[in-house]
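Beneath this line is the structure, given in structure tokens, with notes to follow.
Naming convention: chains lettered A, B, ... in sequence-line order (proteins, then strands); numbering from 1 in each chain.
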There are 2 protein chains.
Amino acid sequence: MKVEKKLSAKDYVEKIGVSFEKEGFQPAMGRIFAYLIIADPPHKSFEEILEYLKISKSAVSTSLNYLMSRDLVEYITLPGDRKRYFKINMSGWLTLIKKKMARRSFFGEIMKEALSARSNKYKEFNDALEEQAEFLDFMHKEMKDALDKWERKKKKKG
Amino acid sequence: MKVEKKLSAKDYVEKIGVSFEKEGFQPAMGRIFAYLIIADPPHKSFEEILEYLKISKSAVSTSLNYLMSRDLVEYITLPGDRKRYFKINMSGWLTLIKKKMARRSFFGEIMKEALSARSNKYKEFNDALEEQAEFLDFMHKEMKDALDKWERKKKKKG
DNA sequence: CAATTAGTTCTGTAATTACAGAACCAAAAA
DNA sequence: TTTTTGGTTCTGTAATTACAGAACTAATTG
């Protein structure tokens, strides 16, 4: 029987942060994103972020601005309060995935271009290369379909 | 009417190399991988690689070993020739995608864990977070299906 | 029109990366 | 047995990254 050990909030921040880093973001960004996932309430001020994570203003500022430019984070304001409150933009992840898809599809394109420039002396290799490009195309299409499917499902429910 | 400008081999190497870098690989790795895509014949020796790309032995060695450890590159040998000839392992890209899928699914898991630790005071946020986790799950499943579909398609044809 | 607040931007630096160059080494060839 | 080949590994470094800390600024508040 597996004992489910409850993680502390700080542990979540580390764990999520590391995963986020693996997606290619800087450490500070990962931890900010992670903090905003576990944050209760889910919106936190600039100050709260830097205090909780013990990172500098500059790191918070640049990270937040980057995350906002990528639509992964947004902010709200509260009446009678000058501060901005930062929170996760849930649609950002989807945007991110779409961008990655586009990149991969582009990679497939390039492979096809390369193919057209190759000699026909190594048919086996060329065939494999073409198959790779087709695979990328295929996956791109399938993922697009999946996204559509998801969106339809969501619309029906919501 | 679009004029299709034919790229030189070196240009392909740059273009593919950059794309590969964007997938998170080091510059040298990107260019080696790119070179192996356009290489005619598609297998090249250690020496040929370093000469063509004008990079050091150490860079070639570490890059090739890394690429091989990731199953993106493999090597063949030729009778009566001590050298190894490196070439692209076409199944590597698929492995790569599978690994990325696994990572993303893991990310979804963590989000669900975080969810279970959140208070129920911010239902809207929690719901959105849950939806995100479900979305990642959904995409993971869809991609797995797509991969199966591709494999069946390939089996039927090949 | 000060003083405070909520950040931004600049400057410097510690840590890390990505690689070159040289030393090195095991297997094969001479 | 020495020499050559086909790499690998070590050492040093230039370039880059990721951030701290301080200076700065525009809006708000007193």
Proximity to DNA chain C (any heavy atom under 4.0 Å), residues of residues 59-76 of chain A only: A:S61, A:N65

Parallel, tilted or perpendicular: ring planes of B:Y122 versus A:H43, cut at 30 and 60 degrees: perpendicular

From CA spacing to verdict: side-chain contact (heavy atoms from CB on, under 4.5 Å), A:L129, B:I88: CA-CA 9 Å; A:L129 190 56; B:I88 286 178; 5.8 Å; no

Positional range of nucleotides in DNA chain C within the contact set of chain B, heavy-atom, under 4.0 Å: C:dA18 to C:dA28

What nitrogen or oxygen pairs link the protein and nucleotides 22-28 of chain D at under 3.5 Å?
none

Distance-only check: which donor-acceptor pairs under 3.5 Å involve side-chain atoms of residues 72-87 of chain B, not counting sequence neighbours?
residue	atom	partner	partner atom	Å
B:D81	OD1	B:K83	N	3.0
B:D81	OD2	B:Y85	OH	2.7

5' priority, DNA chain D, between A:G80 and A:S56 [closest heavy atom]: A:S56

Any ion pair linking [Y] and [X] (charged N to carboxylate O, less than 4.0 Å)?
{"X": "A:K141", "Y": "A:D145", "answer": "yes"}
{"X": "A:E21", "Y": "A:R31", "answer": "no"}
{"X": "A:E23", "Y": "A:K100", "answer": "yes"}

Residues forming a salt bridge (charged side-chain N to carboxylate O under 4.0 Å, His left out) with A:D40, sequence neighbours excluded: B:R118

Interface residues of residues 15-35 of chain A with DNA chain D (non-hydrogen, below 4.0 angstrom): A:Q26, A:P27, A:A28

